[in-house]
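The structure under discussion appears below in the form of structure tokens.
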Amino acid sequence: MSVLSGKKVLLAVTGGIAAYKTAGLVRLFIKSGAEVKVIMTPASKDFITPLTLSTLSKNPVHSTFYDEEENDLWNNHVELGLWADVMVIAPATANTLSKMTNGICNNLVLATYLSAKCPIYFAPAMDLDMYKHPSTKNSLDKLQSFGNIMIPATSGELASGLVGEGRMAEPEDIVTFIEKDIVSKLPLKGKKVLITAGPTYEAIDPVRFIGNHSSGKMGFELAKSAANLGAEVILISGPSSQKVKHSFINRVDVKSAEDMYQACHEHYENSDIAILSAAVADYRPKNVADKKIKKKDAALTIELEPTKDILKSLGEIKKNQLLVGFALETNNELENAKSKITRKNLDLIVLNSLRDKGAGFATDTNKITIIDKDLNPKRFDLKPKNEVANDIINEIILKLHA
Ligand code: CTP
């Protein structure tokens, strides 16, 4: 999945021959899962039609501050600038670059550029001598010093017939450049995160087991949230119908508490962060029957023995890892959770109280309190589990930088 998936991309097209390539660029952004809006300078419409770009982007394309045809509708540059997660100026002509450098805003593209709060990428495109000119060089340097990100022009045959630098980067390369740049700046880039999810099944005989109602949703949402912020995730999941498809998530399926223990210990040493959200069985049958237990009239007693406490075992061998546990409590919530932090050598604990409506492991929502090592509690509202996951990951990022 592309990091651009779900992102709002505002493409600004200016008046150079390379504008014809923006049809392909819009298609690639759409293919990556981004939502695309296009704005144009009036001059760029000589090179590609707004109809082409609006058809491909599935959104109206604007090039003026108001549309006469649409009853003088005001095209709000501030709103467009705030809408965008990413603004891409491609092709960026010498004229537009120079105006951007000096804060001139005599068209919709320039006014939107000045209003935008998001990262701004620009892909210069012009003839060889224009590209080499000191004033262009000055614009490129200044624009980058303002924090804009340049997608360098490449060398090749130019529309004039001259051969040299000044060709706009190819659409595929523009998209790859932006994706790589976004990933390199994500807060969990380079971090390895181990997450446990779901229930565990403890076999009684070949067909029966002791399990619980955990869906695994919380752990899977945590995995997605961490991966979307650049982490490499090892998701160790007990039996769960949850699905995940993300190039940064490596799913390891396990069944029993013992399997989960082994898998966690295999990956823990290389992890920077471990989040144990699984609802691990605390007991398992002491003896597993090798044949299906036959029904009898008398009552059946199954002797149980404790499983290994995975979280505690990771706390005991902790080096630099940030270790996060979960606590599901019904009474004395804060006190119990605080004592777990100390007993299991945790950095954070996420507390669910079953007394809170909508919290717990069999719902789509959760209401949590996060407690840190200094035993400071931070309470969150009842939210869908994907938002809860984002809150937990954000707290972890804050702790990493504390
Ligand atoms: N956990 C674990 N291994 C186990 C049991 C639990 O790693 N065998 C982890 C869970 O993933 C969770 C945390 O421990 O992160 C808390 O589990 P919980 O059952 O609430 O805590 P316990 O220590 O078992 O305490 P108690 O049952 O007394 O509340």
Side-chain angles (χ1 to χ4, degrees), residues 193-203 209-223 226 233-240 242 252-268 271 273-286 304-318 321-356 359-362 366-373 377 385 388-389 392-393 395-396 399:
V193 182
L194 183 159
I195 297 174
T196 66
T200 62
Y201 286 0
E202 309 304 325
F209 60 84
I210 298 174
N212 61 63
H213 289 298
S214 168
S215 64
K217 196 170 167 67
M218 192 66 245
F220 277 68
E221 290 299 344
L222 282 165
V233 178
I234 303 276
L235 174 61
I236 300 172
S237 174
S240 164
Q242 296 291 315
V252 177
D253 285 314
V254 295
K255 242 190 195 146
S256 65
E258 180 61 27
D259 298 342
M260 191 173 271
Y261 176 92
Q262 297 299 341
C264 285
H265 279 267
E266 187 184 328
H267 295 284
Y268 185 57
S271 303
I273 299 161
I275 312 170
L276 272 66
S277 69
V280 187
D282 286 328
Y283 294 93
R284 64 179 183 187
K286 190 166 181 190
L304 301 180
E305 64 179 3
T307 55
K308 292 177 190 153
D309 188 325
I310 307 169
L311 186 57
K312 188 157 172 270
S313 70
L314 299 184
E316 281 161 5
I317 55 166
K318 188 164 84 170
Q321 295 91 345
L322 192 131
L323 186 58
V324 183
F326 271 64
L328 182 64
E329 306 287 346
T330 52
N331 55 307
N332 284 338
E333 291 89 342
L334 272 182
E335 289 323 306
N336 287 338
K338 283 178 180 175
S339 108
K340 254 173 225 179
I341 287 202
T342 320
R343 263 192 293 128
K344 302 195 185 188
N345 192 19
L346 310 181
D347 297 283
L348 291 174
I349 196 158
V350 180
L351 166 67
N352 297 138
S353 168
L354 274 190
R355 280 200 287 189
D356 285 326
F361 56 34
N366 210 349
K367 187 170 184 330
I368 58 162
T369 301
I370 299 182
I371 306 168
D372 66 13
K373 239 183 173 155
K385 281 189 174 162
V388 174
I392 295 169
I393 298 294
E395 280 307 305
I396 291 173
K399 276 283 162 241

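Each ligand, and each atom within it, is numbered from 1 in the order the structure gives.
- Remark: distances from the non-hydrogen atoms of Met260 to ligand 1 are all 4.0 Å or more.
- Heavy atoms of Thr307 found under 4.0 angstrom from ligand 1 belong exclusively to the side chain.
- Remark: ligand 1 and Ala279 share no N or O pair separated by less than 3.5 Å (distance only, no angle test).
- Using a 4.0 Å cut-off between charged side-chain N and carboxylate O, Lys399 and Asp372 make a salt bridge.
- Residues satisfying the side chain to side chain contact (heavy atoms under 4.5 Å, CB included) test with Phe209, not counting sequence neighbours, are Tyr201.
- Considering only residues two or more places apart in sequence or on other chains, Leu304 meets the side chain to side chain contact (heavy atoms under 4.5 Å, CB included) condition with Ile210, Tyr283, Pro285, Ile302.
- Among protein heavy atoms, atom 18 (P) of ligand 1 sits closest to Lys340 NZ, 3.6 Å.
- The closest approach between Lys308 and ligand 1 falls below 4.0 Å for a heavy atom of the residue.
- If you look at Asp282 next to ligand 1, the close heavy atoms, those under 4.0 Å, all belong to the side chain.
- Near Gly325, meaning under 4.0 Å from any of its heavy atoms, are these atoms of ligand 1: 15 (O).
- At least one heavy atom of Ala278 lies less than 4.0 angstrom from ligand 1.
- Backbone and side-chain nitrogen or oxygen atoms of Val280 are examined, and none is located within less than 3.5 angstrom of a nitrogen or oxygen of ligand 1.
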